[in-house]
Each structure stands twice: as C-alpha cells, then as structure tokens.
Colleague: 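Here it is: the structure, laid out below.
First the proteins, then the strands, lettered A, B, ... as listed; each starts at 1. We use all heavy atoms of the structure for the numbers below, so side chains are in, but hydrogens, waters and symmetry mates are not.
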Amino acid sequence: MSRTQNSKLKTQNSAIVEVRGLKKYFPVFSGLFTQRVVGWVKAVDDVSFSIRRGETLGLVGESGCGKTTTGRCILQLERVTEGEILFEGQDLTRLGDAELRLLRRHMQIVFQDPYSSLNPRMTIGQIIGEPIWVHRLLRDRGECRDRVEELLTLVGLNPLMAQRYPHELSGGQRQRVGIARALALEARFVVCDEPVSALDVSIQAQIINLLEELQGRFSLTYLFIAHDLSVVRHISDRIVVMYLGRVAEIADRVELYESPLHPYTQALLSAVPVPDPAVEAQRERVVLKGEVPSPMNPPSGCVFHPRCPIAVEECGQIVPQLREIRPDHWVACSRV
Amino acid sequence: MRQYILKRVLLMIPTLLGVAVLVFFLLRVLPGDIVELKYAGTGTYAPKQAIERERAQLGLDKPLWQQFLSWIWGIVRFDFGQSMWTGRPITHEIAIRLELSVELALMATLVAVLISIPLGTLAALRQDSWVDYFVRVFSIAGLAIPSFWLGILMILVFIIYFRWLPPLTFTSFWVNPKANLMQLVWPALAVGYRYSAVATRMTRSAVLEVLREDYIRTARAKGLWEKVILVRHALKNALLPVITVIGLEFAFLVGGLVVTEQVFNLNGIGKLFVEAISQRDYTMVQSLVLLTSFVFIFVNFVVDLINAWLDPRIRYQ
C-alpha cells in the first residue's frame, strides 16, 4: 500500500504535464435557417494521464480515437470543454491569451503534415526565425540569422536552406524544418503529432533518430502521437492506448508489448504483422468484430463492449475506471 | 522572370490581332450602314451619287481586306484614324473621355478595396455571427441592386437634402481637384459598392479557407499575437484571389460604365461606346474594342506579376 502511494507521489512530482479529466466535445450543427446544435462529437472524453520529465510518452490508437485532439488540447491549440492541463504545475486552461502566449516558448509541437504546416509565403529562415524574434530571445538580426543557421545544422540541414521556400524542399527536409522551428524557442516539452506518418519509411527512421538524438541533447520531453505501433514501440518509454476518446491502457513500453491486459490493446498488437512468414502463419490473431462506433453516439458503459471478445452484460452499464493492475500498469477494463 | 515578361508582352500582339479581326468583320456583318444612317438623320432625300461619294470618301467602297489592312497598318503606326461620324481624330475623342473613365475606375476600385477587405476579413473572423450575416446581406444587396438605381436614389437624396446636382461638364482633376472629386465621388461610391460585393465575398471565403490551414495553427503554436497571425500569415495568403478579382473588375470599369455614366451625366468611354455602335461608326467602335481588350490583357498581366511577386510558389521560367 505504502509502496504504491510512494510511487504515485514520485510520479506526480516528476510530471511535466498532467492531464486531468480532459474532455473535448465538438458541436454538430444542423438546420436550414437557424443553426442549432443537434449533438456533440465526443472526441476526447474524460482522459487523464501524466507525462514525466525527460520521457517519451507514446499515444496510440486508431484514426479518429482522439489522439491528435488530446495533443492539441494539451497545448491549448483547441480550447478544452472540461478538465485541467497542468504544465509544470500551472493549469493552462485557466490562463488568458497573453500568459499562454508567453508559455508557448516552453511547449512546442511538430505537426503531422510537413507540407501544409509551413507558410508557403515565408522562407525557411523566416519560419524558424519568427518565433525567436516574436519572443524577443534575440534582438539583433545578425544573431537571429546565426541562430537559424545553427538550428538548421542541428536538424541536419544545410544552413543555406534558410533562403529557400517550403515548396522547394522534400517532405523529410520540411519535417526537419518543423522540428527546427519547434526547437527555436528552446522548448522543454514537444508534442510530436504523427511526425513521421506522412513520410517514406526510409525517411521515417531518419526523423525518429533525429528526434531521439535531440531529446538526449536538450533533455526534451515528448508526447509522441502515432498510429504506427512499431514506431511507438521504438521511441516511447511509456505508452497510452486510446479508444474512442477514452484511455484503454497505460503501461511501460516493455510491459505493454509483452503482456497487454486490455482486450483492445491485445487486438491492436495482434494486428501488427510479424516479419517472419512462418511465425505469421502460425500465430493466433485477435480479430475484432464490427466497426468503430460513431463518437457522436458512443456505446453505453465501456465504449469497447460491443466489439470486445470478453465482454459480459454489465460491461454495457458500468464505465470502467483506470485501475492500477500491476505497478505502473493501468487498465480501464472491469474484466481484467 | 525578365524572359517571362517579354514573352507575355509579345503574346499580347496575336491576342489583339485576333480581337481586331473579330471586331472588324462582325461590325461589317451588322445590318445598317453609317452613310445611310447619316442621311437618315437629316430627313431629306439622299441622291444615290451623294451616298456613293460619301462611301468613297470614307473608304467603304474598297474591298474588305483592303479596308482591314489599311486600318491595321494605321494602328501599327499608332494612327487610329478619324471618326467616321464626326471626322475628328479618334485618339482625341477617346483621350478627352479616357481621363474621366480611368479616374472613375480608380476611385471605384479604391472604394471597393476599402469596403471589401476589412468587411470580408471581419466576416470571416466572426463567421456565423450577426456581423457575418450583416456583411453577407450587405454584399448580396450590392450584387442585386443595379448601380443605376442606386445612382438615381443617391441623386434624389442629394437634390433633396444637399441641393447637389451632377454638373453638366467634366472638370479635370488637374484643373480643379475639388470640383473634380465632388463630381466623381458619388458615381464612384455607387459603382464601388456594387463592385465591392464580389470582392467582399471573395475575401471572406479566402480568409476562411486560409484560417483553416495548418500553418495558421503552426503560427499559433509559435506563440504569435493574433494580429500578427491574421495579417502576416492569413491575409497575405488570402489576398491572392482577391487581387485577381479586383484587377479584372478594374479592367471592366475602364471599358466604360454605360448606365452609370448616363445617370450621373458623365461623358465617359461607356457613352462614347454606345453612341459609336448606334451610329455604326466603324473606326470608333473598332478602336474602342481594341482599347478595352488591351486594358483587359494588360491588367491581367499586371495581376499575374503581382501574384508572382506575392507568392513564391508561382515561378515563371
């Protein structure tokens, strides 16, 4: 008992970001003349987890499960419907625009699409230099240019790229620009929102290695959002599995991949193909029935119960809470 | 870039030549003849010889291809010839009216820009609020209300409340700026309002589209002020289609505003155009069509250059 309390206490102290009861509902409008709200898409529904300083927390789930929305809500790029986001102990949801703007220095994001997330009308140098200038980190144009060149070298680009426009760069190069931009303000916490899913496999590895290298160098904390399970396994320390706007399971990387407890995690992991054809042919796969329900009208009780292989009748009535089944291994399933 | 400009300028020549061929032969196909119309006006009997003599004098008795070539040869030497109706040089007839038309077009464009860009942006920023609805109704009304009707309403209001009447003669801006502006500001408002409607709607939709772009989210994540995000990141990108629309409308205005000129008693290109067509003043119509085509092509070209300058993705090799 005291051991678990101790570890909990330690967790809370070392957390750089804490998400408590986060909800994000998007209104659905209808009506010909007067736009009325006819429903809500529950993109994120009561999600809690914490991110420890210096770690990489993987956030996985199918598309549409709310992982990107969670990431954006943490950085306040979307206003949350309910819940708290503590960044170094400060609740971001209560801050005004001006205070938030100053805090943005410390928390940055690398976007999924390196094509559309860079302003086509600005040179690479302007894109990376703009935050430095706006936050008055450097007040001298020459110094600012030097810093941009330094950042470009840091992410493995030629400093001469500063003169180029985004459309002149390849996808991998642009993603490096996105990373350099995120680092320009010496952020401590970076949300990587599917940073490699738009890239070729060979480029993916380069970007992942770059992210890891930079993490070691600047002791960064990452929230790594992805749907590619092997990428997440490679880079993460701990992993959060989401399903339909809710957290299904949180565990250490090794623990999660070796002994997943939530039936959804088990199904998800068994969907990853094994490179060895002999093993692939023999292994047993957990195949889920049906489709992901609409987040506008999620199932009652446990949102996973209509597709769950081990569901019983009561799963449709009781919303399972996250329980610590093993040390540091949390599962939201009443059947485990 | 220099090569591109040169290419575009050279490409104007075949386009204008095509216009010249088209307008020249279309005019000859029209029923009615300038000489007959001239005599019809006098109401007296016209002897056949007199008509023939008049035709020969205007060069209308020669074969069409000869008439065409001599007209083109004149244009190459910047000699547009004389009006077949009045006999005065065409360049003179156009010059005295062009100043008014260009000035009116410029003022109307200014009015339109001043209305459309702030209103369109505001509507986009406050999408689906009462501000947005107001702007949308305002701009739809601009499209729906004919500018001559708006002009008549304006004149009525001015006569009743300000005892203002449209002056009978045009005063050049260089002679008396105040009188000139007093005369043109009302037609400019009437035309500019209508013309702002399209541009407002274009601005609104372009800003809405750009605000949903990922790089706007990037800008927000950088921690920029909303004002900087709006001006530097959103507006700069949204203005490209707006500039295109405004450029085309400007060219259209230089070509003359037939009805508005009538309502405000302005002697501009539009009025000259209508008169020339109804009098079958071949040389005059030909020159005017050529002039408006040239303005269209030229303004398009300038708009393309501005867009290339504003958007680094547009490169002309």
Side-chain angles (χ1 to χ4, degrees), chain A residues 29 33-35 68 71-72 74-78 97-124 126-137 163-168 174 177-178 181-182 184-185 187 190-191 193 198, chain B residues 1 123-137 140 206-244 304-317:
Chain A
F29 295 104
F33 297 109
T34 48
Q35 295 277 294
T68 295
R72 287 181 186 166
I74 291 175
L75 294 186
Q76 298 294 302
L77 292 174
E78 306 266 12
D97 285 345
E99 295 161 297
L100 205 58
R101 217 173 52 71
L102 293 177
L103 265 183
R104 293 214 180 278
R105 265 192 67 182
H106 308 301
M107 38 182 213
Q108 280 296 320
I109 181 164
V110 176
F111 287 103
Q112 173 176 12
D113 187 350
Y115 295 89
S116 61
S117 59
L118 305 176
N119 189 337
R121 299 266 290 275
M122 293 168 86
T123 63
I124 302 304
Q126 286 167 339
I127 290 170
I128 300 174
E130 189 182 34
I132 302 174
W133 201 249
V134 164
H135 286 273
R136 313 230 166 120
L137 294 192
Q163 308 301 320
R164 301 283 194 81
Y165 284 96
H167 69 273
E168 298 173 287
R174 289 191 215 197
V177 170
R181 200 215 84 241
L185 296 169
V190 180
V191 172
D193 183 7
Chain B
M1 195 67 194
L125 288 179
R126 306 258 179 277
Q127 193 194 1
D128 291 331
S129 70
W130 65 267
V131 180
D132 186 25
Y133 288 126
F134 170 78
V135 171
R136 278 153 77 179
V137 169
I140 281 283
V207 171
L208 274 180
E209 202 172 292
V210 168
L211 282 179
R212 290 199 175 87
E213 291 282 349
D214 277 352
Y215 54 79
I216 297 298
R217 194 177 291 120
T218 308
R220 220 159 259 152
K222 280 177 181 176
L224 305 185
W225 293 277
E226 280 298 313
K227 216 190 284 172
V228 176
I229 295 173
L230 179 67
V231 175
R232 197 187 300 168
H233 291 262
L235 267 187
K236 251 185 153 181
N237 278 293
L239 284 186
L240 288 174
V242 180
I243 289 170
T244 308
D304 280 352
L305 284 187
I306 293 176
N307 279 350
W309 175 61
L310 286 175
D311 190 345
R313 282 171 303 179
I314 306 172
R315 284 281 157 84
Y316 302 107
Q317 247 83 48

Colleague: Keeping A/Arg104 on the side-chain end and B/Ala221 on the backbone end, is there a donor-acceptor pair under 3.5 Å?
Modeller: no

Colleague: Does any backbone or side-chain atom of A/Arg181 lie under 4.5 Å from a heavy atom of chain B? Answer side chain, backbone, both or neither.
Modeller: side chain

Colleague: Can you tell me how far apart OH (A/Tyr165) and CG (B/Asp311) are? Round to the nearest 0.5 Å.
Modeller: 9.0 Å

Colleague: In terms of heavy-atom pairs under 4.5 Å with chain B, which of A/Leu185, A/Leu118, A/Val191, A/Ile109 leads?
Modeller: A/Leu118

Colleague: Counting only non-hydrogen atoms closer than 4.5 Å, does B/Val210 touch chain A with its backbone (N, CA, C, O), its side chain (CB onward), both, or neither?
Modeller: neither

Colleague: Within the structure provided, determine whether A/Asn119 and B/Lys236 are in side-chain contact (heavy-atom separation under 4.5 Å).
Modeller: no

Colleague: What closest approach, in Å, do B/Trp225 and A/Val134 show between heavy atoms, and which atom pair accounts for it?
Modeller: CZ3-CG1, 3.6 Å

Colleague: Roughly how far, to the nearest 0.5 Å, is CD1 of A/Ile127 from NZ of B/Lys222?
Modeller: 6.0 Å

Colleague: Taking atom CG of B/Asp128 as the centre, report whether more than 12 heavy atoms of other residues, nucleotides or ligands fall under 6.0 Å from it.
Modeller: yes

Colleague: Between A/Ser117 (side chain) and B/Thr218 (backbone), is there a donor-acceptor pair under 3.5 Å?
Modeller: no

Colleague: Is chain A contacted by the side chain of B/Ile216, its backbone, both, or neither, given a heavy-atom distance below 4.5 Å?
Modeller: neither

Colleague: With respect to chain A, which residue among B/His233, B/Arg217, B/Glu213 yields the maximal number of heavy-atom pairs within a distance under 4.5 Å?
Modeller: B/Arg217

Colleague: For B/Gln127, does the CD atom sit with more than 12 other heavy atoms under 6.0 Å from it, leaving out its own atoms?
Modeller: yes

